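Computed from a predicted model, the values in this text were never measured in an experiment. FYI, the numbering just counts along the sequence from 1. Each ligand, and each atom within it, is numbered from 1 in the order the structure gives.
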Amino acid sequence: MTKKITFKVQNGGLLRGEARVAGDKSMSHRSIMLGSLAEGVTHVTGFLEAEDALATLQAFRDMGVEIERTGDGCVTIHGVGKHGLKAPQAPLYLGNSGTSMRLLSGLLAGQAFNSVLTGDESLSKRPMKRVTEPLAQMGADIKTTEKGTAPLEITGRAGQLTGIDYVMPMASAQVKSCLLLAGMYAQGETKVTEPAPTRDHTERMLTGFGYPVSVNKNQASITANGRLTAMTIDVPSDISSAAFFLVGASIAPNSDVLLKHVGINPTRTGVIDILRLMGANIEILNEHTVGGEPVADLHVTSCQLKGIEIPEHLVPLAIDEFPVLFIAAACAEGETRLTGAEELRVKESDRIQVMADGLQILGVNAQPTSDGMIIQGGEIGGGTVESHGDHRIAMAFAIAGLRAIAPITILDCANVNTSFPEFKELATNLGLQLSSEED
Ligand code: S3P
């Protein structure tokens with residue numbers, strides 16, 4: 001049993017200083033997956049040493065890939081080539097990680113061996129039909145529970161998958177990536193069309209590894225004709241982790257924070273756009289490109305935010321940042337409205353309900369709707385809130401402490417380790433008065 005962790009945050013304070021936050025989670029997963037399928041040795045720096053990315057790493061070790069890890073973000077992957085994975089001896093346990101499960105389901109559907117994918121309580125509740133249905137159209141054989149959830153029992157159908165032309169019903173980078181990975185093992189072309197732009201790290205990294213993938217407006221396509229050649233990958237800091245400090249420094253008077261080497265891929269920067277619309281002072285400095293991904297330092301100073309109607313086209317570009325954006329909205333002057341974000345209901349927790357419940361406990365007028373939330377900015381009170389084991393909810397309420405008028409206790413915070421194990425240390429170095437208790 002994992003230990004229960006409770007966060008206690010003293011109200012008030014401000015954030016000041018410089019930080020390099022944890023490595024990008026999406027890119028870390030993909031570096032292991034594609035590095036394993038490459039020919040040659042791939043060196044990764046800036047790898048996210050957190051439970052989710054490590055679950056992917058372990059899964060590939062379980063499929064015979066030699067992966068060395070020094071513990072400081074440096075990972076060496078001895079690629080086995082596109083057809084070199086071996087049958088795992090036991091179910092692959094993917095913990096809390098939806099990205100691992102959905103991307104692996106596509107990759108494993110076309111292998112010459114069978115596999116079973118399992119996850120923790122939260123992952124076992126998340127919808128998997130969004131990947132198993134299109135994969136079935138390609139000829140895959142994957143069993144889910146009756147509810148369409150994990151465990152996934154995959155019968156490898158090597159040489160028997162066929163490409164499809166799939167229009168995704170929702171904007172999901174995980175579904176897109178899953179189908180592109182399956183398409184690397186399918187006859188003919190696999191085309192995936194997205195209703196709105198989603199993160200494109202899979203497409204960029206495949207290109208970096210020399211695997212042909214073509215992107216035309218909102219459609220990505222791939223075939224089985226290609227191979228991956230090992231490369232070096234420098235994973236930038238995760239803008240989703242940086243987001244906690246972008247909001248924290250915005251809401252806490254007299255704050256001034258410089259976040260170094262943050263990935264600013266345009267499919268991920270919705271949080272900056274939304275905060276700027278709310279009036280935030282965020283400067284993008286030292287912009288450059290690293291391994292095909294744009295990177296910059298982000299300088300943020302405090303200001304009085306104002307409530308806005310969040311433009312729907314920004315929703316998929318900020319999809320993981322809404323828990324902390326709701327905190328920004330609670331500190332803003334006036335009303336903030338979010339619509340078109342029903343995907344938030346099927347994340348690590350139902351992020352609309354869980355955030356609305358917590359905000360209401362803290363005295364904030366937050367009304368959940370089927371696809372978003374309406375928040376009246378005002379005062380944040382103290383109290384005890386539940387994170388429901390969702391890492392981003394836990395960190396968002398910790399940041400709320402900066403503007404609360406009394407201390408906040410946050411229950412069930414162990415899963416912060418899935419994406420940002422150094423959160424507490426970094427946040428306290430910058431000035432957040434955060435302590436944690438284990439039992
Ligand atoms: C991810 C895609 C997003 C995001 C998740 C990571 C990825 O999920 O929420 O944290 O790495 O592809 P969806 O594809 O479900 O939107």
Look at ligand 1 and say whether Lys347 reaches it with a heavy atom at a distance under 4.0 Å.
yes
Report the part of Arg199 (side chain from C-beta onward, or backbone N, CA, C, O) that has a heavy atom under 4.0 Å from ligand 1; answer both or neither where that applies.
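The answer is the side chain of Arg199.
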Report yes if some N/O of Ser177 lies less than 3.5 Å from some N/O of ligand 1; otherwise report no.
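No, no N or O pair falls under 3.5 Å.
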Do any nitrogen or oxygen atoms of Ile319 lie less than 3.5 angstrom from nitrogen or oxygen atoms of ligand 1?
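N/O-N/O distance under 3.5 Å: no.
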Phe420 and Phe423 aromatic ring geometry - parallel, tilted or perpendicular at 30°/60° bounds:
perpendicular
Measure the acute angle between the ring planes of His288 and His261, then classify it against the limits of 30° and 60° as parallel, tilted or perpendicular.
tilted
Distance from [atom] to nearest protein heavy atom, with residue and atom:
{"atom": "atom 10 (O) of ligand 1", "answer": "Asp320 OD2, 2.8 Å"}
{"atom": "atom 14 (O) of ligand 1", "answer": "Ser172 OG, 2.6 Å"}
{"atom": "atom 6 (C) of ligand 1", "answer": "Thr99 OG1, 3.4 Å"}

Under the rule for side chain to side chain donor-acceptor pair (under 3.5 Å), what residues qualify as partners of Thr149, not counting sequence neighbours?
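So Thr149 forms a side chain to side chain donor-acceptor pair (under 3.5 Å) with Thr145.
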Against Pro151, only a single residue in Thr118, Leu92, Thr144, Leu117 fulfils side chain to side chain contact (heavy atoms under 4.5 Å, CB included); can you say which?
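Passing option: Thr118.
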Pick whichever of Arg102, Glu348, Gln174, Arg30 has a heavy atom sitting closest to atom 1 (C) of ligand 1.
Gln174
So that I can tick it off, tell me whether Arg157 and Asp141 are bridged by a salt bridge, with the cut-off set at under 4.0 angstrom between side-chain N and carboxylate O.
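No, this pair does not count.
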side-chain contact (heavy atoms from CB on, under 4.5 Å) between Leu15 and Leu432, intermediate numbers included:
CA-CA 7 Å; Leu15 299 182; Leu432 187 70; 4.2 Å; yes
